[in-house]
Amino acid sequence: STGSAQTNPEKNDVEYLTPVSIGTPGQVLNLDLDTGSSDLWVFSSLTTSSQVNGQTLYDPTKSTTANQLQGYTWQISYGDGSSSSGDVYTDTVTVGGVTFSAQAVQVAKTVSSEFTSDPANHGLLGMGFGSINTVEPVAQKTFFDNIMPDLDLPLFTADLKRSAPGRYNFGYIDPSAYKGEITYVPVDNDSGFWAWTSPAYAIGSRNFGNTTLKGIADTGASLFLLPSAAVSEYYGAVFGAKYDRSQGAFTVPCDASAPDFTFVVGDHGATITVPGNYIKYAPIDDAGKTCFGGIQLDTGIGFSIFGDVALKSAFVVFNGGNRTIGWATK
Ligand SMILES: CN(C)c1ccc(C(=O)NN)cc1
């Protein structure tokens with residue numbers, strides 16, 4: 001089988017939401033497909049009502065194919081401090097025309113304010129590795145794990161775009177979606193993430209250094225989080241850039257000329273370039289004078305995060321069959 005689903009950016013591309021049908025008859029929720037986590041959880045009829053704010057709710061009692069996993073629970077927290085928790089059902093789930101009939105659907109009973117505050121986000125569909133699924137007493141498989149054996153090819157691709165709809169494809173590679181060759185590199189999934197290492201990076205027209213970037217490809221993260229050496233070098237090249245302690249982040253003048261950030265993929269010279277404009281991420285003031293930086297520090301995480309700012313500059317193949325990640329320009 002193969003499948004294809006359009007994904008739609010929220011304001012400032014903070015996340016990309018994809019329609020997912022759950023249950024019989026289908027209840028369509030817009031979910032954040034997230035390669036940085038491995039729980040499929042949804043706002044539901046069981047979610048504490050004071051924590052619901054316009055989201056579409058999955059109601060298992062309205063689905064003839066829903067079955068509760070009695071006594072199973074889950075609790076997840078994300079890098080930004082947000083969290084959610086609840087109970088577990090199985091039900092039929094369809095994404096981009098690909099269906100798995102007994103998918104674990106984690107229904108939220110509680111969600112943190114970051115989730116409550118966004119009516120457009122109805123939950124997450126994790127596409128990381130199963131080892132980090134939070135369901136107790138038995139971890140559940142991700143949607144991708146479940147459909148992989150039926151896919152023509154054991155992979156999915158992410159084609160995110162800046163402030164425009166993008167696409168997740170399942171089981172096939174669309175040759176019209178990228179230019180040149182796809183360069184594949186090994187993934188170390190011991191952490192449960194799509195972790196890989198870039199051998200070097202360059203800022204603007206400067207020469208490549210020899211500092212590697214060890215990071216994860218995370219479609220659920222908005223920004224490009226890098227080590228302080230890379231971040232300082234980058235913003236050192238942007239006139240007027242500064243670290244704003246009140247924001248806890250680097251900002252740049254929205255009218256500054258910002259250099260590209262290029263990272264190497266593999267050892268045959270392939271590279272991906274993040275346009276400087278993507279790093280003038282979003283205005284933080286009404287005048288549109290100061291912009292939030294799309295590159296920020298990865299301090300405290302232990303690895304870098306190739307989030308949407310980096311991913312939307314490429315066509316990315318997540319191959320679960322041989323555990324590689326492929327990068328191509330587009
Ligand atoms: C609050 N929301 C919508 C989040 C969505 C995704 C993530 C995340 O770290 N994914 N890898 C965090 C928070």
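Counting starts at 1 for both ligands and their atoms, in listed order. Because the structure is a prediction, the values reported are computed rather than measured.
- Under the 4.5 Å side-chain heavy-atom criterion for ILVMFWY residues, no single connected hydrophobic cluster contains both Leu155 and Phe193.
- Numbered from 1 in the order shown, with element, the atoms of ligand 1 that lie under 4.0 Å from a heavy atom of Asn121 read 3 (C).
- In this structure, the side chains of Gln6 and Tyr168 stay at 4.5 Å or more apart for every pair of heavy atoms.
- Two rings, from Phe43 and Tyr58, have their centers 6.0 Å or more apart.
- Every atom of ligand 1 is numbered from 1 in the order shown, and the set under 4.0 Å from a heavy atom of Ser82 is 1 (C), 13 (C).
- Remark: aromatic rings of Trp194 and Phe129 are close, center separation under 6.0 Å.
- Ile22 has its side chain out of reach of Thr92: every pair of non-hydrogen atoms, C-beta onward, lies at least 4.5 Å apart.
- Ligand 1 has an N or O atom lying under 3.5 Å from an N or O atom of Asp34, backbone or side chain.
- Near Asp218, meaning under 4.0 Å from one of its heavy atoms, ligand 1 places the atoms 10 (N), 11 (N).
- Between Leu40 and Gln140, every side-chain heavy-atom pair lies at or beyond the 4.5 Å cut-off.
- Residue-level proximity to ligand 1 for Thr35 is absent, since no heavy atom of it falls below 4.0 angstrom.
- Shortest contact from atom 2 (N) of ligand 1 to any protein heavy atom: Phe115 CE2, 3.3 Å.
- You'll find the side chain of Trp196 stays beyond 4.5 Å of the side chain of Ile216, heavy atoms only.
- Closest protein heavy atom to atom 6 (C) of ligand 1: Gly220 O, 3.3 Å.
- Note: no N/O pair closer than 3.5 Å links Asp32 and ligand 1 by distance alone.
- Protein heavy atom nearest atom 12 (C) of ligand 1, with residue, atom name and distance: Tyr78 CB, 3.5 Å.
- Atom-to-atom distance recorded for Tyr243:OH and Ser228:OG is 11.5 Å, nearest 0.5 angstrom.
- Atoms of ligand 1 found under 4.0 Å from any heavy atom of Glu15 (numbered from 1 in listed order, with element): 3 (C).
- The Asp80 neighbourhood of ligand 1 comprises atoms 1 (C), 12 (C), 13 (C), with distances under 4.0 Å to a heavy atom of that residue.
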